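In what follows, a single structure is set out as structure tokens and then discussed.
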Amino acid sequence: MNKVTLVDDEKSVRDSARQWLELSGFEVLSFEDASKALTTITKNYEGIVLSDVKMPGLDGLQFQKKIAEVDPDLPVVLFTGHGDIAMAVEAIRGGAYDFVEKPFDPERIVETIKRALEKRQLVIENRLLKQALVDSEGLDSRLVGSSVPMRSLKKEMTHIAPTIANVLILGETGTGKEVVARSIHKLSHRNKKNYLALNCAAIPVNMAESELFGHESGAFTGAQGKRIGKLEAANGGTLFLDELSSMPIDVQGKLLRALEHKEITRLGSNTLRPVEFRLLSAMNESPQKAIKEGRLREDLYFRLNTVELTVPPLRKRKDDIPLLFSFFLEQAADTYGTSADSATPQSLAIMMSHDWPGNVRELKSMTERYVLSALPPQERIPQILSSSIAGECASSISLKDQVNLFERHLIKESLARHGGNVKNVIDDLCIPRRTLNEKMSKYDLKRQ
Ligand SMILES: Nc1ncnc2c1ncn2[C@@H]1O[C@H](COP(=O)(O)OP(=O)(O)OP(=O)(O)O)[C@@H](O)[C@H]1O
Ligand SMILES: [Mg+2]
């Protein structure tokens, strides 16, 4: 943070102050007239204001009041000539940050401005943190799941989202990597800018380069008209590259250079164009394996994985199944205009014991079939999942484990329903207190 809006009606003062400040590394915007300077002031302005007190038109005092209407926490440092100390004192009472006397002492003014900028930085950081908290509540409605692994994933996401770090998202197919990528963009400061996604596995190999970098007309056979590539279109925003190891290896090299130099050239052009974007990428295989097999450049990998997030498979967070099911149920019932019949306990038990090789995507499509099914609700899930369960056969969970999972689910749900009140849970499930205690400890369940 280094912006200073400087206002003084006297050209010589303005110019010498500007020169000093620029030499000290501040980015200065100078004005001779306070009402013009006001147009640069916005809430969360990343800088401070340095203003003369006595000026024709809006004077320093009135100027400070107007600024406070936009953002009361924006420091205003006043330049005071001989004789306007009284006015400066009044301004400070009204909320101005500090004043420096004219003729100014360059070192002192630089010191004062540095301190004001530090204070400003703190205010803005605090606001961003508060905003991130509000946004992270929005995260729960996008990325459904409250199991322990999902809670820690979301915590990591909210932590790194506001930074500029490149993020590599790993996880099996259908675990929600794309949802994670989009949510990171939404939680970042770039959320009003572009978000572009490119599935590297879905573009023909010979088109990958032009998809990323764009081309001029006639750059290659069939290149009609010019085309802006994804890297250019994502400028200022976020680019998400899905299934990265499907990108041709020579194009990976070009991508790495573009990331390092922050510039690109369109195919068939010699003009360098600056680009700046945050890169999120995803893979559903092990990067080490892809590197070993020559499908992923190691140097590119190190550039992309500043932060590595892993989205856990659904079988490792079965606690999320009931929540995800009801989320998709509402969605599907809405889309298809059908009724949202909730699942019977037996159906839930079957879902809890299924292994979900297709992860959340599989659960989502199963839920769609569920709402579209003409069978009575209790028969639908056994029917839809029977083929895949039969397919898993030996590898599927034993009857004992299924029963355990179901038991755990019932106790957990009853605890939640009764706000952790053990007495009510005992009545609800008709079991002795001792049995409940044993089961809670066996299944690692807490009252809250
Ligand atoms: N936690 C979640 N909350 C809500 N919807 C989810 C969640 N996880 C996944 N989904 C939904 O499941 C489907 C699959 O998710 P997504 O496309 O993000 O998976 P992926 O990990 O990118 O898979 P692939 O590796 O096959 O590209 C999408 O429709 C997505 O909206
Ligand atoms: Mg994906």
Side-chain angles (χ1 to χ4, degrees), residues 135-158 161 166-187 195-203 208 211 230 238-247 279-287 289-290 295-296 304-305 307-336 340 343 351-352 354-372 384-385 388:
D135 291 344
S136 66
E137 277 148 26
L139 180 58
D140 283 336
S141 60
R142 249 192 314 269
L143 187 66
V144 177
S146 55
S147 59
V148 175
M150 282 308 271
R151 279 210 306 272
S152 79
L153 175 67
K154 287 185 200 183
K155 205 166 148 202
E156 269 186 280
M157 285 169 66
T158 18
N166 291 337
V167 185
L168 177 62
I169 306 160
L170 299 173
E172 291 176 15
T173 179
T175 44
K177 296 184 291 297
E178 191 153 355
V179 186
V180 168
R182 194 176 279 276
S183 307
I184 292 177
H185 172 73
K186 284 272 179 235
L187 291 173
Y195 169 85
L196 285 173
L198 180 68
N199 185 341
C200 304
I203 37 173
E211 272 289 329
K230 286 280 197 291
T238 307
L239 177 66
F240 173 53
L241 294 179
D242 204 355
E243 309 218 24
L244 189 71
S245 50
S246 300
M247 183 187 290
L279 190 59
L280 307 176
S281 42
M283 286 173 68
N284 55 24
E285 61 169 337
S286 134
K289 181 166 176 273
R295 286 176 292 109
L296 176 65
L304 298 181
N305 78 338
V307 176
E308 214 168 88
L309 294 179
T310 302
V311 192
L314 190 54
R315 63 180 175 282
K316 296 234 171 97
R317 47 175 162 119
K318 290 199 162 172
D319 284 355
D320 286 337
I321 291 174
L323 198 59
L324 280 164
F325 177 77
S326 49
F327 176 76
F328 293 135
L329 183 66
E330 293 291 325
Q331 237 179 28
D334 202 45
T335 309
Y336 298 112
M351 285 192 259
M352 298 295 267
H354 183 56
D355 250 359
W356 302 105
N359 293 297
V360 183
R361 182 181 292 117
E362 184 186 354
L363 177 59
K364 185 176 178 180
S365 77
M366 186 218 67
T367 314
E368 283 171 354
R369 290 168 67 187
Y370 175 88
V371 303
L372 292 171
I384 302 169
L385 287 182
S388 39

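Whatever order the structure lists ligands and atoms in, that order sets their numbers, starting from 1. Just so you know, these numbers come straight off a predicted model, no measurement behind them.
With respect to atom 17 (O) of ligand 1, the closest heavy atom belonging to the protein is R361 NH2, 3.3 Å. In terms of protein heavy-atom proximity, atom 16 (P) of ligand 1 is nearest to G176 CA, 3.7 Å. Of all protein heavy atoms, the one lying nearest to atom 25 (O) of ligand 1 is K177 NZ, 2.6 Å. Among protein heavy atoms, atom 4 (C) of ligand 1 sits closest to R142 O, 3.5 Å. For atom 28 (C) of ligand 1, the nearest non-hydrogen atom of the protein is K364 NZ, 4.3 Å. Remark: minimum distance from atom 30 (C) of ligand 1 to any protein heavy atom is reached at V179 CG2, 3.5 Å. Closest to atom 5 (N) of ligand 1, if we only count protein heavy atoms, is F328 CZ, 3.6 Å.
Nearest N/O/S atom of D242 relative to the Mg ion (ligand 2): this is OD2.
Taken to the nearest 0.5 Å, the CD atom of E178 stands 9.5 Å off from the CD1 atom of I169. Atom SG in C200 sits 9.5 Å away from atom CD in E211 (nearest 0.5 Å).
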side-chain contact (heavy atoms from CB on, under 4.5 Å) between K186 and R142, intermediate numbers included:
CA-CA 10 Å; K186 284 272 179 235; R142 249 192 314 269; 3.6 Å; yes
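Contact atoms of ligand 1 toward E178: 17 (O), 18 (O), 22 (O) (distance under 4.0 Å to a heavy atom of the residue). Ligand 1 places these atoms under 4.0 Å from at least one heavy atom of D242: 27 (O). Less than 4.0 angstrom separates some heavy atom of F327 from each of these atoms of ligand 1: 4 (C). Listed by number with element, the atoms of ligand 1 under 4.0 Å from a non-hydrogen atom of V360 are 6 (C), 7 (C), 8 (N), 9 (C), 10 (N), 12 (O).
You'll find the side chain of H354 stays beyond 4.5 Å of the side chain of M366, heavy atoms only.
Taking the six-membered ring for Trp and thresholds of 30 and 60 degrees, H185 and Y195 have ring planes inclined between 30 and 60 degrees apart.
Between the side chain of N359 and the backbone N or O of T173 there is at least one donor-acceptor pair closer than 3.5 Å. With hydrogens and angles disregarded, a donor-acceptor distance shorter than 3.5 Å links the side chain of D320 to the backbone of S147. A donor-acceptor pair is defined here as one N or O able to donate and one able to accept, closer than 3.5 Å; no such pair exists between the side chain of K177 and the backbone of N284.
Residue nearest to atom 1 (N) of ligand 1, selected from L139, V144, L170: V144 (by heavy-atom distance). Of the listed residues (G145, G174, A197), the one carrying the non-hydrogen atom nearest atom 23 (O) of ligand 1 is G174.
Because the distance cut-off is set at 2.8 Å, E178 fails to qualify as a neighbour of the Mg ion (ligand 2), as none of its N, O or S atoms comes that close.
Both the backbone and the side chain of T173 come within contact range of ligand 1, each with a heavy atom under 4.0 Å.
Using a cut-off of 4.0 Å between Lys/Arg side-chain N and Asp/Glu carboxylate O, E172 and R315 are scored as salt-bridged.
Within 6.0 Å of atom CZ in R295, more than 12 heavy atoms from other residues, nucleotides or ligands are found, so the atom counts as buried in its surroundings.
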